[in-house]
Amino acid sequence: MNSVYGSKPAFKWTAAFLLVFLVAGLIPYAGRSAAAEEASSSTVEQVVLDPGFGYRSIWETLANELYKSSPVTAYLPTRLPDSGQLYYGISSRLTQEGYAIQLYTTDKVPAAASSLPGTASPARKPGDVLMEASAGAAQSSFPHGDTLLLAKNGWAMYADSAAAGTENRKRQLVQAFSQAAKFATPLSADSKGIINVSGTGSSAVYSAYWSYGGKSGYTLVSHTTLTDFVSVLYSFRPVINLLNQADVVLLPLGMELNWQLGRTSAFLPRENKRIVLSSAPILVNGNPYFPLKDAIAFIQGHIQTVPSENAVYFSESGYYNQLKLNLKTGQVYKGSQKIATIKVRRQNGITLVPLNFLHEHLGLTFSYTSAAKTGKIQYSTWFTNNRPLKASSATLSVSVLGTGNFFYESSRIGSFGSYSYQQSKPPQGYNGRKYSMYQVSIPLLPGENEFVYRDSITGRIINTIPVNSALTAADIPFRYSGNPAYDSLTLNLKLTSSDGTDWPAGYAETSSYVDLSGVIQAGGNSFSSLRLTLRPVNGRESKAVSFPVAKDGQFSYRIKPDKGKGSYTVTLYNPPRSVPLADLAAIVSFTIVVK
């Protein structure tokens with residue numbers, strides 16, 4: 001099993017990931033190949049931008065129009081500013097040289113047409129506008145205040161007299177943009193620009209203008225907080241087709257749901273919409289209780305009620321019915337082990353459970369404000385996207401763009417076998433301190449295979465991706481370990497199943513047993529014995545058994561898998577004390593499938 005730590009990645013592709021901005025089909029027109037045209041017309045999602053805020057389709061229509069019509073390379077923010085409990089709408093239009101976007105708050109759900117290019121901006125009250133962004137031909141100058149606060153890497157930061165204010169305020173502004181200069185995409189890329197701050201307090205306006213090569217210019221104007229402005233500035237990404245460069249996109253995603261005692265209406269700020277809960281949250285002895293059904297739906301889990309047992313089975317995403325709650329006794333089981341006893345509340349036939357229980361056992365975090373009788377629940381998961389995976393050999397190589405901790409494995413062989421990864425720089429516009437591109441490899445078998453990746457912290461499955469291949473038994477080799485101790489070793493192996501079939505390579509199918517036979521020559525040395533282990537998919541490796549090798553190097557051994565049907569990885573090891581500093585040193589592995 002290969003694990004990736006630090007800034008390294010790993011992968012479930014469900015409708016729940018509608019929380020993320022996706023922008024489809026945007027790369028410079030001159031560089032778009034016929035293959036890219038064909039891919040964009042398929043039903044497979046093609047592009048993912050940095051997620052984190054907003055919902056999936058908010059820029060998509062505009063982005064497609066930009067790709068077809070705009071003469072400038074599209075740079076769009078992937079984060080929306082915090083609009084609190086209000087909804088937000090977007091009006092956008094194409095201009096002769098680029099585009100113009102305005103983001104605003106509204107107390108009503110915005111009409112779907114509000115995000116379409118060319119839509120007329122509705123009338124808005126003063127103070128409703130949150131952000132404005134535009135692109136077009138580069139400008140020779142950009143208005144700014146008379147106080148220069150910072151000049152660095154082709155960027156200059158200014159403030160007018162009101163914004164500059166006190167020395168503390170100046171230091172705050174300088175510190176914020178010094179950090180932005182290190183990490184924000186527009187500032188850290190090969191660009192030049194100006195940042196300006198005007199006004200103070202709630203009347204402050206933050207703006208930025210930058211240009212690449214003196215041709216196209218980009219503007220961001222914010223009527224929100226300094227923190228929000230910098231955060232959105234960080235998220236400006238060049239709109240590029242990442243899946244032209246990566247087979248899989250894997251990025252961390254946080255979700256949030258805001259609720260209030262006694263109300264069945266709750267707010268999803270990242271999706272910019274309200275939902276109806278099955279029952280209103282309640283307070284019991286100072287502890288908030290939440291509808292179990294809605295909490296499990298929020299984390300994309302599974303839930304099943306079994307009336308005959310007076311119980312509810314449930315889990316988080318990636319597992320199936322891992323926990324059991326007895327509705328009468330409040331006892332909670334994980335398998336056969338009792339892990340908790342809680343007080344269950346029933347309201348209009350709906351089961352409510354304490355949020356601290358969900359926190360302890362499903363990783364769902366929550367907060368509650370008694371004065372306002374409001375709270376929020378939050379959950380960390382993954383956004384993932386992929387294009388179809390194809391393989392023409394027994395080893396699948398997959399490129400992954402992402403960040404975070406993950407394990408990956410073959411569904412047929414599990415987390416044991418020949419695995420590798422190689423890290424490289426991310427595509428242009430993605431911060432190399434945060435994102436990486438990885439090339440990972442897993443072994444495959446004839447028949448159906450899936451590329452599986454898990455969260456390395458929780459162990460839950462993030463995604464499983466089918467692999468299209470037409471492999472035969474002859475395509476599956478004996479996989480040699482590459483141990484330098486065996487550079488001079490020659491090994492000829494043969495597999496024969498219980499029905500008398502001789503298998504052509506390192507793969508055999510059987511209903512009972514497989515006979516392994518062969519000849520081993522170890523240079524000038526001879527092996528008097530060998531050792532062998534079996535390992536079922538994601539199971540434990542068996543204890544090594546030893547069998548003799550004749551003086552001429554010939555040997556045979558009958559392998560009888562004892563864990564029932566499925567795939568087994570068989571590993572052939574050295575005899576005891578034959579390699580310095582190593583007891584079990586793998587020589588070769590192969591696969592047996594019990595039908």
Side-chain angles (χ1 to χ4, degrees), residues 1-2 394-395 410 412-420 441 443 445 473-595:
M1 174 171 60
N2 189 345
T395 299
S410 166
R412 296 286 303 282
I413 302 180
S415 56
F416 185 78
S418 177
Y419 298 81
S420 65
S441 299
L445 297 180
D475 296 320
I476 312 302
F478 288 99
R479 301 181 187 273
Y480 290 88
S481 67
N483 190 321
Y486 302 124
D487 285 347
S488 61
L489 181 147
T490 59
L491 185 63
N492 296 313
L493 299 175
K494 179 182 177 182
L495 301 176
T496 305
S497 56
S498 57
D499 61 359
T501 301
D502 290 330
W503 294 86
Y507 174 88
E509 296 177 359
T510 185
S511 60
S512 178
Y513 63 82
V514 169
D515 286 330
L516 166 68
S517 60
V519 178
I520 185 170
Q521 301 291 338
N525 301 317
S526 62
F527 282 5
S528 60
S529 66
L530 289 170
R531 289 179 289 181
L532 179 146
T533 66
L534 279 76
R535 181 166 182 163
V537 176
N538 287 326
R540 293 192 175 203
E541 189 174 16
S542 69
K543 184 178 179 180
V545 295
S546 182
F547 57 90
V549 175
K551 289 184 178 180
D552 60 0
Q554 295 192 52
F555 60 88
S556 64
Y557 183 78
R558 178 161 288 181
I559 304 169
K560 293 184 176 181
D562 60 355
K563 301 297 182 183
K565 296 181 180 180
S567 302
Y568 294 79
T569 298
V570 183
T571 305
L572 204 59
Y573 289 97
N574 62 316
R577 297 177 297 280
S578 62
V579 178
L581 304 178
D583 179 26
L584 283 176
I587 301 173
V588 66
S589 64
F590 53 93
T591 302
I592 293 176
V593 174
V594 179
K595 294 287 190 178

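Note that this is a predicted model, so its numbers are computed, not measured. All residue numbers refer to positions in the sequence shown, counting from 1.
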### Query
Partners of Phe555 by ring-ring contact (aromatic ring centres under 6.0 Å, His included), sequence neighbours excluded?
Phe547
### Message
On a heavy-atom basis, which atom in Tyr507 and which in Ala473 lie closest, and how many Å separate them?
### Response
CD2-CB, 3.6 Å
### side-chain contact (heavy atoms from CB on, under 4.5 Å) between Ser567 and Val537, intermediate numbers included
CA-CA 6 Å; Ser567 302; Val537 176; 3.9 Å; yes
### For Ala394 against Asp475, the heavy-atom pair lying closest together
CB-O, 3.4 Å
### Summary
Interatomic distance, OG1@Thr496 vs CG@Asp499, rounded to 0.5 Å, equals 9.5 Å
### Least distance between heavy atoms, Gln521 atom then Gly553 atom
NE2-CA, 4.3 Å
### Query
From Ile592 CD1 over to Trp503 CH2, what is the distance, rounded to the nearest 0.5 angstrom?
11.0 Å
### Task
Tell me, please, which residues at least two apart from Asp552 pass salt bridge (charged side-chain N to carboxylate O under 4.0 Å, His left out).
none
### Query
Knowing that exactly one of Leu516, Val514, Thr571 qualifies, which makes a side chain to side chain contact (heavy atoms under 4.5 Å, CB included) with Phe590?
Leu516
### Message
Suppose we screen for side chain to side chain contact (heavy atoms under 4.5 Å, CB included). Which residues come up paired with Ser529, at least two apart in sequence or across chains?
### Response
Ser546, Pro575, Pro576
### Task
Could I get the full list of side chain to side chain contact (heavy atoms under 4.5 Å, CB included) partners for Lys595, not counting sequence neighbours?
Glu509, Val593
### Task
Please lay out, stage by stage, how Asn483 and Ile587 fare under the test side-chain contact (heavy atoms from CB on, under 4.5 Å).
CA-CA 7 Å; Asn483 190 321; Ile587 301 173; over 6 Å; no
### Spatial distance of atom CG (Leu532) from atom OG (Ser542) [nearest 0.5 Å]
7.0 Å
### Summary
Of all heavy-atom pairs linking Ala505 and Leu495, the shortest is O-CD1, 3.7 Å
#### Entry: Any donor-acceptor N/O pair, Ser498 side chain to Thr510 backbone, under 3.5 Å
no
## Note on the structure
Smallest heavy-atom separation, Ala585 atom then Tyr573 atom, equals C-CD2, 3.5 Å
### Query
Who are the salt bridge (charged side-chain N to carboxylate O under 4.0 Å, His left out) partners of Lys560, not counting sequence neighbours?
none
## Note on the structure
The reported gap from CG in Leu534 to CD in Glu541 (rounded to nearest 0.5 angstrom) is 9.0 Å
### Summary
Applying salt bridge (charged side-chain N to carboxylate O under 4.0 Å, His left out) to Arg558 and not counting sequence neighbours gives Asp515
### Query
Heavy atoms, side chains only, cut-off 4.5 Å: are Asn574 and Arg531 in contact?
yes
### Message
For Gly414 versus Asn538, what's the shortest heavy-atom pair and its separation?
### Response
CA-OD1, 3.6 Å
### Side chain Tyr568, main chain Lys563, donor-acceptor under 3.5 Å
yes
### Query
Do Phe478 and Leu491 come within less than 4.5 Å of each other through their side chains, counting heavy atoms only?
no
### Task
Could you check Tyr557 against Leu530 for side-chain contact (heavy atoms from CB on, under 4.5 Å), going step by step and ending with a plain yes or no?
CA-CA 10 Å; Tyr557 183 78; Leu530 289 170; over 6 Å; no
### Task
Find the distance between OG1 (Thr591) and CG (Leu445) and round it off to the nearest 0.5 Å.
4.5 Å
